[in-house]
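A short worksheet on the structure shown next.
Computed from a predicted model, the values in this text were never measured in an experiment.
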Amino acid sequence: MWDGWVDTEKFRVHIIGHWNYQTGTVKDINVVASGEKTELFVNGKSQGFGARSSNFLFTFKNITWQVGSIKAVTYDAKGKVLAQDEIKTAGEPVALRLTARSNPTGFRADGADVILAQVEVVDKDGNRCPTALNMIHFTLTGEAEWRGGIAQGPDNYILAKSLPVECGVNRVLIRSTTKAGKVNLIANAEGLKSAELNFETTPVKINAGLNEQWPSGGLKPSLTRGETPQSPSFVATRKSLEIADIVAGANQEKAQASIDDNELSDWINDGKINTAWIKYTLKKTATLDEVNIKLNNFRTKVYPLRILVDDKIVFEGNTEKSLGYFKALCKPTRGKVITIQLMNENSGKDDSQSGVEMGGKKLDDGIARNDANTKGNLSIIEVEFIEKVK
C-alpha cells in the first residue's frame, strides 16, 4: 500500500489469499495494489480489471478456480506496468520444513535471548501448502527452554508442545538458558516427513552477576533507504478545514469535544431525534469533499446520517461498523456551514460481532458509557472535514 518517504515511490501489488481450491469453486479475488488500475490473469488469460475501493483495493468478482497460477498486474493511468504478483497452486502436503530466525550476532546463552522457529507444511517442490491445518508435535532437547507459540484452540495452545499450523505455517519461541551448548528441535506430523533443526547458543561474559553485553550489541541499522530527502517528499492532495464555531442541538458545552483530538471524549445530544444535530462554521468558505468521523460504538452501531453544506444535502446514508473512523464521501459542494444530523433512529448497540482479545479483554468500542438501548442519540468522538487540493 505504501513504499516511500511519504508518497508512493516504489509500486507494489499483492494478491490476498491463496490459489488452492476444489474444482468448481467460484469466488471473488481481492488484490492490494498501489497503481491506478489492476488486471488479473488466470493461467495467462485476462479476467479484466478490478473494481477499485479504499484507494488500494481491487476486487475481481466471480473468478473460477483452475489449477495453475493466478497473476495480478498493476498499471499507472497511462497503462504502464508498475508491478506484478503471482501465486501458484501448491501440491499435496508431503513434509515439514523448519527454519529459524535469530539474532544475527548469534543465539546468546543469557537466559533471555530467543529463536523464532518457523514450521511449514510443504509439497514435493517445497511450496507451502496454504490449506494445511496439521497438528505438529515438537521435541526440544539441549540448552534451551520451550516458550511455545499460539493457535486457535484450547487455551490458545499456550506453552503446548503440540499445536497446529494455520494456512500451512506456525511459529514457536525457544529461549536460551544461561549455559552455552547445543540445541535440537524436531517437528513431527502424522503422514508427513519430519524436520529437524540443530544450533548452538554462544556464551556471554558475566561480571559480578551482570551481563556486560546489551541485547542490541552488534546489531547494525539499515541504511538502505538513504538520506532523508531535503525537498518535500509528497504532493498535497487534501487538506483539513479549520472550524471557527460550533452550535449543537443539545449539550452545547460539550460540542468542542467533537474536534478536540481527544478520543476519550465526545459530544452527544440528549437522546432525542430533534436535537441530534450539530453545526460547524468554517473559518472561510471551502469545498467539502469528504467527512471523516468517529462515532461512539463504532464497532457495534450504525448511524443514519445526513450531512449538509449551507443547507444543501451532500451525503445521506448509513455509517458502517468499523475499527474507528467512517469516511463519508460527499458531493463536492462549496460553502461555510456544515451540518451533521441523524435522519432517524440509529441501530442501537449490537455486541454480537464486537469480539474480544485473546486474553479475554473486550475490544475498544468508543467512550466508556452504556449506550446500549439509546437509538435517538448522535455521539461524535472526532470529526474532520476534508477538501481536495486541485
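Within a 6.0 Å sphere centred on NZ of Lys37, heavy atoms belonging to other residues, nucleotides or ligands number more than 12. Counting non-hydrogen atoms of neighbouring residues, nucleotides and ligands closer than 6.0 angstrom, the CG atom of Leu219 exceeds 12 such neighbours. Shown here is Gln22, whose CD atom has no more than 12 heavy atoms of other residues, nucleotides or ligands within 6.0 Å. The number of heavy atoms from other shown groups lying within 6.0 Å of CG (Asp311) does not exceed 12. Around atom NZ of Lys27, more than 12 heavy atoms belonging to other residues, nucleotides or ligands sit under 6.0 Å away. Within a 6.0 Å sphere centred on NZ of Lys390, heavy atoms belonging to other residues, nucleotides or ligands number more than 12. More than 12 heavy atoms of other residues, nucleotides or ligands sit less than 6.0 Å from atom CD of Gln252. Annotation for Glu92: atom CD does not count as buried by contact number, only 12 or fewer foreign heavy atoms lying within 6.0 Å.
Side-chain contact between Phe49 and Tyr75: present, with at least one pair of heavy atoms (C-beta onward) separated by less than 4.5 Å. Residues Val165 and Glu120 fail the side-chain proximity criterion, which asks for heavy atoms closer than 4.5 Å. Using a 4.5 Å heavy-atom cutoff, the side chains of Leu40 and Ile29 are in contact. Taking 4.5 Å as the limit, some side-chain heavy atom of Ile115 sits within range of a side-chain heavy atom of Phe199. You'll find the side chain of Thr237 stays beyond 4.5 Å of the side chain of Lys388, heavy atoms only. In this structure the side chain of Leu305 reaches within 4.5 angstrom of the side chain of Leu342, judged on heavy atoms. Between Asn346 and Pro304, the closest side-chain pair of non-hydrogen atoms falls below 4.5 Å. Thr64 is listed as a side-chain neighbour of Val26, based on a closest heavy-atom distance under 4.5 Å.
With Asp155 contributing its side chain and Tyr157 its backbone, the two residues share no donor-acceptor pair below 3.5 Å. Put simply, the side chain of Asn156 never gets that close to the backbone of Ile150: no donor and acceptor are under 3.5 Å apart. Of the possible donor and acceptor atoms, one in the side chain of Thr74 sits under 3.5 Å from a partner among the backbone N and O of Gly35. Counting only distance, with no hydrogens or angles, the side chain of Asp266 and the backbone of Ser258 share no donor-acceptor pair below 3.5 Å. In this structure, the side chain of Arg108 does not engage the main chain of Val204 through any donor-acceptor pair within 3.5 Å. The backbone N or O of Cys129 lies less than 3.5 Å from no partner atom in the side chain of Asn20, so there is not a single donor-acceptor pair. Looking only at distances, no side-chain donor or acceptor of Asp123 sits under 3.5 Å from a matching main-chain atom of Ala90. A donor-acceptor pair is defined here as one N or O able to donate and one able to accept, closer than 3.5 Å; such a pair exists between the side chain of Asn269 and the backbone of Gly376. Without hydrogens or angle criteria, Ser322 side chain to Gly324 main chain gives a donor-acceptor distance under 3.5 Å. Between the Thr201 side chain and the Gly181 main chain, a donor and an acceptor come within less than 3.5 Å of each other.
For residues 182-192, every residue pair satisfying the side chain to side chain donor-acceptor pair (under 3.5 Å) rule, not counting sequence neighbours, is listed here: Asn184-Glu196, Asn184-Asn198.
Considering every non-hydrogen atom in both Tyr280 and Ile243, the closest pair reads CD2-CD1, 3.8 Å. When all heavy atoms are compared, the tightest approach of Ala33 to Val13 is CB-CG2, 3.7 Å. For the pair Gly17 and Ile87, the tightest heavy-atom approach, listed with the atom from each and the gap, is O-CD1, 3.9 Å. Contact record, Ile136 with Ala187: CG2-CB, 3.9 Å, taken as the closest heavy-atom pair. Smallest separation of non-hydrogen atoms from Ile63 and Trp19: CG2-CH2, 4.1 Å. Of all heavy-atom pairs spanning Gln47 and Val42, the tightest one is CG-CG2, 3.7 Å.
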- Checking side-chain contact (heavy atoms from CB on, under 4.5 Å) for the pair Ile268/Asn296: CA distance, chi angles, key distance, verdict? CA-CA 9 Å; Ile268 186 172; Asn296 196 30; 5.9 Å; no

- Item | Evaluation steps, side-chain contact (heavy atoms from CB on, under 4.5 Å), between Ile386 and Val291 | CA-CA 6 Å; Ile386 300 297; Val291 175; over 6 Å; no

- Does the pair Val383 and Ile293 meet the rule for a side-chain contact (heavy atoms from CB on, under 4.5 Å), with working shown? CA-CA 4 Å; Val383 66; Ile293 188 167; 4.1 Å; yes

- Message: For a side chain to side chain donor-acceptor pair (under 3.5 Å) check, start with the C-alpha distance between Ser379 and Asn377, then their side-chain angles and the critical distance, and finish with the verdict.
- Response: CA-CA 6 Å; Ser379 169; Asn377 67 312; 5.3 Å; no

- Query: Which is it for Ser265 and Asp260 under the side chain to side chain donor-acceptor pair (under 3.5 Å) test, yes or no, and what are the steps along the way?
  - Reply: CA-CA 8 Å; Ser265 67; Asp260 63 358; 2.8 Å; yes

- Item | Trace of the side-chain contact (heavy atoms from CB on, under 4.5 Å) decision for Glu382 with Tyr325 | CA-CA 9 Å; Glu382 290 296 325; Tyr325 283 85; 3.4 Å; yes

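Val314 and Ile338 fall within the same hydrophobic cluster, defined by Ile, Leu, Val, Met, Phe, Trp and Tyr side-chain heavy atoms under 4.5 Å apart, directly or through other members. In terms of hydrophobic clustering, with Ile, Leu, Val, Met, Phe, Trp and Tyr side chains grouped at heavy-atom distances under 4.5 Å, Val122 and Val119 are assigned to different clusters. One hydrophobic cluster, built from ILVMFWY side chains closer than 4.5 Å, cannot hold both Val31 and Phe11; they sit in different ones. Grouping the Ile, Leu, Val, Met, Phe, Trp and Tyr side chains by contacts below 4.5 angstrom, directly or via other members, places Val337 apart from Ile278. In terms of hydrophobic clustering, with Ile, Leu, Val, Met, Phe, Trp and Tyr side chains grouped at heavy-atom distances under 4.5 Å, Val302 and Leu295 are assigned to different clusters.
We find that Glu145 and Arg147 are joined by a salt bridge, their nearest charged nitrogen and carboxylate oxygen being less than 4.0 Å apart. Using a cut-off of 4.0 Å between Lys/Arg side-chain N and Asp/Glu carboxylate O, Glu36 and Arg52 are scored as salt-bridged. With salt bridges taken as basic N to acidic carboxylate O contacts below 4.0 Å, one links Arg12 and Asp3.
For the atom pair CZ of Arg238 and CD of Glu387, the computed distance is 11.5 Å after rounding to the nearest 0.5 Å. Within the model, atoms OG1 of Thr38 and CD of Gln84 stand 12.0 Å from one another, a figure rounded to the nearest 0.5 Å. The CD1 atom of Ile15 sits 11.0 Å away from atom CG of Asn30, with the distance rounded to the nearest 0.5 Å. Trp267 contributes atom CH2, which lies 13.0 Å from atom CD1 of Ile259 (distance to the nearest 0.5 angstrom). In this structure, the separation between CZ on Phe298 and NZ on Lys321 is 13.0 Å, given to the nearest 0.5 Å. Summarising the geometry, atom CG belonging to Asp7 is positioned 8.0 Å from atom CZ belonging to Phe234; distances are rounded to the nearest 0.5 Å.
Aromatic ring pairs are classed by plane angle as parallel below 30°, tilted from 30° to 60° and perpendicular above 60°; the pair His18 and Tyr21 is parallel. Note on ring orientation: taking the six-membered ring where Trp is involved, the planes of Trp146 and Phe138 are tilted (angle from 30° to 60°).
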